[in-house]
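Scroll down for the structure; my scribbles are underneath it.
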Number of protein chains: 2
Amino acid sequence: MAYAISVLSGRWKLSILGFLLDNGKLRYGELKRKLIGISEKMLINQLKELEKDGLINRIAHPEVPPRVEYGLSDKGKTLEDILLLMSNWGTKNADNRIKT
Amino acid sequence: MAYAISVLSGRWKLSILGFLLDNGKLRYGELKRKLIGISEKMLINQLKELEKDGLINRIAHPEVPPRVEYGLSDKGKTLEDILLLMSNWGTKNADNRIKT
DNA sequence: TCAGGTACTAACAAAAAAGTTAGAAATGCG
DNA sequence: CGCATTTCTAACTTTTTTGTTAGTACCTGA
């Protein structure tokens with residue numbers, strides 16, 4: 001459990017993984033648009049950590065303007081069941097709650 | 001997903017839930033012994049938040065010295081699948097890692 | 001009488017995470 | 001030429017989280 005916690009903790013990581021699971025590859029800018037409220041610093045930061053932990057792949061296309069795509073790695077895909085369960089659990093239980 | 005994140009994020013929460021899942025009810029002091037490295041402040045703090053979010057129950061026995069037991073609530077028990085998956089995933093993937 | 005055990009609480013300090021703002025590189029296009 | 005586009009970087013500040021230390025309440029049993 002400790003390892004899972006260390007790799008998945010971070011305010012946006014599960015959301016990022018969830019979006020990549022749903023959408024396949026996403027560009028930096030697409031992620032930024034989906035992750036409402038995230039700052040660029042945090043987005044880069046979380047992506048870097050996820051990449052370092054081997055959960056996502058970063059594919060940079062040598063173009064101008066730059067195009068960088070992110071997608072789940074094989075290791076990241078093994079989180080699929082967990083991500084889906086969490087998402088469903090949240091949907092079921094997020095009823096009478098005031099957002100913090 | 002956002003709700004799940006908001007309720008489960010916290011350095012010790014998943015560990016606490018995991019121990020309660022494995023052991024049923026646990027006393028404050030038992031939790032403290034299992035959660036190696038936690039401070040009393042954090043333990044209380046995380047327990048309070050978990051209780052507030054309805055994931056655990058706090059049962060205080062009116063004795064001296066005091067005895068307080070914590071256990072998963074019905075809502076907390078619905079996290080069982082997720083907790084088990086995460087734990088298994090961690091075990092499988094925590095191979096070549098240096099603890100931060 | 002008085003130390004012992006248990007589950008906390010409070011006040012302050014340190015550390016970590018997150019927000020903010022400014023800007024860089026590279027090239028196509030008008 | 002100079003502006004727009006896209007993906008970042010860096011420096012600095014603020015906020016949040018965590019650590020530390022000290023102490024409380026209560027009954028029991030020696």
Side-chain angles (χ1 to χ4, degrees), chain A residues 1-2 4-17 19-20 23-53 55-71 98-100, chain B residues 1-17 19-20 23-53 55-72 98-100:
Chain A
M1 181 69 93
I5 293 172
S6 77
V7 163
L8 297 177
S9 72
R11 185 153 158 195
W12 302 93
K13 286 188 185 171
L14 286 165
S15 299
I16 291 172
L17 295 170
F19 279 126
L20 294 179
N23 298 97
K25 290 179 180 159
L26 285 174
R27 296 183 62 175
Y28 174 85
E30 292 174 318
L31 279 169
K32 193 167 75 170
R33 254 170 274 128
K34 286 176 185 294
L35 296 162
I36 296 160
I38 199 172
S39 66
E40 302 217 326
K41 171 185 159 182
M42 280 309 290
L43 178 50
I44 294 282
N45 179 277
Q46 304 279 287
L47 289 171
K48 282 238 173 90
E49 289 187 16
L50 288 169
E51 194 194 356
K52 184 181 49 128
D53 289 326
L55 299 181
I56 64 174
N57 294 319
R58 177 180 183 277
I59 303 140
H61 301 269
E63 304 170 3
V64 169
R67 182 160 64 96
V68 180
E69 292 183 313
Y70 292 91
I98 296 160
K99 280 278 170 56
T100 48
Chain B
M1 182 69 91
Y3 176 69
I5 293 172
S6 77
V7 163
L8 297 177
S9 70
R11 184 153 158 195
W12 302 93
K13 285 187 186 171
L14 286 165
S15 299
I16 291 173
L17 294 171
F19 280 126
L20 293 179
N23 299 99
K25 289 177 182 162
L26 284 174
R27 297 182 61 174
Y28 173 85
E30 292 175 317
L31 279 169
K32 194 168 73 170
R33 254 169 274 130
K34 286 175 185 293
L35 296 163
I36 296 160
I38 198 173
S39 66
E40 302 217 327
K41 172 184 160 183
M42 281 308 291
L43 178 50
I44 295 282
N45 179 277
Q46 303 279 289
L47 289 171
K48 282 237 172 91
E49 290 188 16
L50 288 170
E51 194 193 358
K52 184 178 51 121
D53 289 326
L55 299 182
I56 64 174
N57 294 319
R58 177 180 182 277
I59 303 140
H61 300 270
E63 303 171 4
V64 169
R67 182 159 65 97
V68 180
E69 292 182 313
Y70 292 92
L72 292 182
I98 296 159
K99 280 278 173 55
T100 49

Rounded distance (Å) that lies between atom [atom2] of [N] and atom [atom1] of [X]:
X	N	atom1	atom2	result
A/Ile5	D/dT17	CD1	P	16 Å
B/Ile44	D/dT17	CD1	C1'	17 Å
B/Lys32	C/dT9	NZ	C1'	14 Å
B/Glu49	D/dT18	CD	C1'	12 Å
B/Tyr28	D/dA25	OH	P	17 Å

Compare side-chain N and O positions of [X] against OP1 and OP2 of [N] and report whether any pair is under 4.0 Å apart.
X	N	value
A/Lys48	D/dC8	no
A/Arg27	D/dT6	no
A/Arg58	D/dC8	yes

query = Can A/Leu8 and A/Lys13 be said to form a side-chain contact (heavy atoms from CB on, under 4.5 Å), step by step?
reply = CA-CA 6 Å; A/Leu8 297 177; A/Lys13 286 188 185 171; 5.6 Å; no
Within the structure provided, determine whether [X] and [Y] are in side-chain contact (heavy-atom separation under 4.5 Å).
X	Y	value
B/Tyr28	B/Arg58	no
A/Tyr70	A/Leu31	yes
B/Ile56	B/Glu51	yes
B/Glu49	B/Val7	no

ask   = Can you tell me how far OG of B/Ser15 sits from CG of B/Leu35, rounded to the nearest 0.5 angstrom?
value = 6.0 Å
message = Donor-acceptor check, side chain of A/Glu69 to backbone of A/Ile59, threshold 3.5 angstrom: yes or no?
response = no
note = Heavy-atom contacts, protein to nucleotides 10-21 of chain C, under 4.0 Å, summarised as B (base), S (sugar-phosphate only) or - (none) per nt, yield --------BBB-
message = Evaluate A/Leu26 against A/Ile16 for side-chain contact (heavy atoms from CB on, under 4.5 Å), listing each step before the verdict.
response = CA-CA 10 Å; A/Leu26 285 174; A/Ile16 291 172; over 6 Å; no
key: Steps toward side-chain contact (heavy atoms from CB on, under 4.5 Å) verdict (B/Leu72, B/Leu55)   = CA-CA 6 Å; B/Leu72 292 182; B/Leu55 299 182; 5.9 Å; no
query = In residues 61-71 of chain A, which residues come under 4.0 Å of DNA chain C by heavy atom?
reply = A/Val64
